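A quick write-up on the structure given underneath.
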Amino acid sequence: MTVLKTSMRNFFAHKGRMALSAVAVLLSVAFVCGTLVFTDTMNTTFDKLFAATSSDVTVSPKDASDSGETTSDTGRPPVLPASVVGKVRGAEGVKSAEGTMFSSSVTVVDADKDSLSPTSGAPTIVGSWNGNDARTMKITGGAAPKGADQIMVDADTADKHHLKLGDEISVISATGTHSARISGFAAFTVTNPGAAIFYLDTTTAQKTLVGRTGVFTSINVTAAAGVTDPALKKNVLGALGTGYKVQTAKEVSDANQKELSGFLDVMKYAMLGFAGVAFLVGIFLIINTFSMLVAQRTREIGLMRAIGSSRRQVNRSVLVEALLLGVVGSVLGVAAGVGIAVGLMKVMGSVGMKLSTDDLTVAWTTPVAGIALGVIVTVLAAYLPARRAGKVSPMAALRDAGAPADARAGRVRAVLGILLTGAGAVSLYATSQAGGATEGSAWLGLGVVLTLIGFVVVGPLLASGVVRVLGTVLLRPLGSVGRMAERNALRNPRRTGATGAALMIGLALVACLSVVGSSMVASATDQLDKTVGTDFIIQSDSGQLITPEAVKAVKSVPGMERVTEYRVTEADYTTPDGKTLKDTDITAADPTYAEDVRTKTVAGDIADAYKPDSMSVNEKFAEDHGVRLGSKIKVDFKDGSAARLTVRAITSDDVVIDKGAMYTSTATLAKYVPADRMPLDVVLFGSSEEGRQDAAYKALKAELHDYPQYTVRDQTDYKQELKDQIGQLLNLIYGLLALAIIVAVLGVVNTLALSVVERTREIGLMRAIGLSRRQLRRMIRLESVVIALFGALLGLGLGMGWGASAQKLLALEGLKVLDIPWPTIIGVFVGSAFVGLFAALVPAFRAGRMNVLTAIATE
């Protein structure tokens, strides 16, 4: 009980000094809990949606995916003949069966040709209005569509785009463009997470989506009273036989949830990873806080030891303080985490994904995990300072105002740090020499961990050297104030090293990712320059295939020398070694593709792969299956017949563009696949006549104005798009890393604040002999700047080493250019100085306000 009382007294006596450490724990726990609440809420939202929109049993074509995906390489969804509906209705236990049409391979535009698709990545769905939808949607205005000239829109999409009854909108699908006027609006009775949904009557939906009537994409089956879904499924299967996909509502919901969970899991674990980085940074803050508090209370601890307190009691007293800090910070962090989750939901709502707070899900495991994690991390971080406090002897403590330094421990620490850093450097070198991505990734991970730990352990030794160099360059020219700031930073290298290490971790990750991102862009740009010989690339950013009408429009543009069609389909391969490879991609292109993309070969000429009944294979495929030039491969085309194609070229795997692709000609594909089943083009490549590139570029954009789903890019546009995509990803990552950097800044603030308290008497004496308040504040700011720059130098240097090693792995995938983004690196370094200035504002202000006589009298 005495230990607890002492701990409580010390905790509340130094609550101001504990506050920043508590904030670090709070932020880290809040990020963890916010992530868990947000992803759990998304799961709840989609669970409700899938459960509400699924019929008791759903019948769909055999080649439809479990989740109901409607995409195919023809741009049309797979369908069932209408006669199947009658068979299903005749099955025992069926109350009703209704055929439906829907497709997500569509683009919907308004009268100005502006897209009505969500910007959040959610799908655009066009379907037939049916009884199952009527259960989950309520018509809030107008009426359901009747006739080819009417279409109904979901209320969220109508509100977002300010659509009104009678407005004309157009559905663009693989069969062409269908225009209709809005007849009504329908709102979800459950949360719609952002999909744009449009309804046509059944006949119009059939014609618009597949070009013919008498077919359905699925059949919604309702069970009679007392019939379970599994029993109904069994009865329907008995009536239909094989050749169909029959699923219960739970199976459809589970399949949809499984498809979604992949994305949610990646997002959740990525965000938890950044929370882990913040926790790691917070550990340094907590260690520093308790180390300084122990040092400042050395006389007090010595007195406790002198009057009978044991080492264990002193140790436990510090750990109980840490426990209190962890509990307070974690409890507040859990509450803040719920707020973060709500904030993330609002952010998602602003980009089009609607998430209702009615579905806010806080599982009991979330606060338990958050509090447990926060408390455990805090107590573990405080263990070393607590142990150090317990080791102080009573007499040494009573003689000395500060904790005695252990020179032997410092030497051991330095040797251990150098050994760990050296082992990490060897691992990073092994990464650059690895022959495969798996082996290289293992070496890279080991190297990152070892060098990070090594730099942290050797931090005090590095602080002594690096701070002296920084002081010589930046501080000594500023006179006596600069020299005092340098000496203050060097006074306790262990503290400076730990404070700098906290900032180092976040900046190392920033530098590493900057190098990787910049190298990816530079490598891809280099590959485009060396490989791509076409002027224009036409494709859909949403993945929609290119319709024959759009192809015709592109080919009609004046000034075009050639247009190359490029499509991908699936086939079953039977190789010379007797193996059969199911559902393997094969790329069919016009012979001019050999000019548009200069593909490296290890045998043969790629142009020969476009001869009749010919193909190419990639290098790995050839090695795995004993394929040589002249080998025959049986290719059984999807939706077509089988062909025996001769291998005319073997392509190199040392490429980025179309790596692993196997080519044949469009003419060969057309020979074995009926015209109505031919896959649509994925992309078009266009080259203009000499000297007419600018005119052709403008003409292409004008010609495709009526096809807003497609984008025309020249090589400059394509490179910029690639750069923008990687830049957006990096900005997102930097935003998440900002949490760790904020915690690191709190660490600098806390270190300076406690350092000011520790040096109260010294500051009073300096003020007494003539140091002005302005000089005092400048000294503390300069000390903060040099600590921040020390952390930045370590972090940026370490991060660039990680990034350079990671680029060696990218080189195995063909991304061979190492590019150091010096403007970013220099900008981060300079920004660190401003971080140091910001961190010193409050401690410097408090130091300047000290009463000189009171400060001198402080023990």
Side-chain angles (χ1 to χ4, degrees), residues 1-34 275-298 300-301 304 312-337 367-390 403 494-495 498-499 501-502 739-740 742-758 839 842-843:
M1 184 58 70
T2 303
V3 171
L4 179 60
K5 286 182 178 179
T6 303
S7 301
M8 293 286 287
R9 179 181 59 80
N10 284 328
F11 180 82
F12 288 107
H14 303 108
K15 56 182 177 295
R17 306 180 196 180
M18 294 284 191
L20 291 177
S21 295
V23 170
V25 176
L26 183 155
L27 288 175
S28 303
V29 171
F31 205 59
V32 169
C33 292
V277 173
F279 263 119
L280 184 60
V281 173
I283 286 173
F284 291 100
L285 195 163
I286 295 165
I287 290 174
N288 255 6
T289 298
F290 279 95
S291 294
M292 296 179 75
L293 287 175
V294 165
Q296 290 169 20
R297 284 160 36 198
T298 302
E300 176 187 330
I301 293 171
M304 290 171 59
R312 180 177 295 179
Q313 286 175 313
V314 171
N315 188 306
R316 281 163 48 196
S317 174
V318 176
L319 288 179
V320 169
E321 289 181 52
L323 178 64
L324 291 171
L325 173 67
V327 170
V328 171
S330 299
V331 170
L332 294 175
V334 170
V368 169
I371 292 173
L373 190 60
V375 169
I376 290 170
V377 166
T378 305
V379 172
L380 287 178
Y383 176 73
L384 288 177
R387 198 159 168 260
R388 197 176 299 134
R494 177 180 291 178
R495 179 196 306 160
T499 306
L739 175 67
I742 289 171
V743 174
V745 173
L746 293 177
V748 178
V749 174
N750 213 23
T751 297
L752 290 172
L754 291 172
S755 178
V756 166
V757 174
E758 184 181 84
V842 174

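Not measured: the values here are computed from a predicted model. Only heavy atoms go into these numbers, but all of them, side chains included; no hydrogens, no water, no symmetry mates.
In terms of heavy atoms, Val25 sits closest to Gly326 at CG1-O, 4.2 Å. Taking each heavy atom of Val29 and Gly374 in turn, the nearest pair found is CG2-CA, 3.8 Å. Contact detail for Ser28 and Ala275: the closest heavy-atom pair is O-CB, 4.4 Å. Considering all non-hydrogen atoms of both residues, Ala30 and Ala336 come closest at CB-CB, 3.7 Å. Nearest heavy atoms, Ala322 versus Ala382: CB-CB, 3.3 Å. Contact detail for Ala381 and Ile286: the closest heavy-atom pair is CB-CG2, 3.7 Å.
In this structure the side chain of Leu323 reaches within 4.5 angstrom of the side chain of Val375, judged on heavy atoms. Residues Val327 and Ile371 fail the side-chain proximity criterion, which asks for heavy atoms closer than 4.5 Å.
Rounded to the nearest 0.5 angstrom, Leu319 CG and Leu380 CG are separated by 9.5 Å.
Remark: Leu373 engages Val32, Phe279, Val377 in a side chain to side chain contact (heavy atoms under 4.5 Å, CB included) (not counting sequence neighbours).
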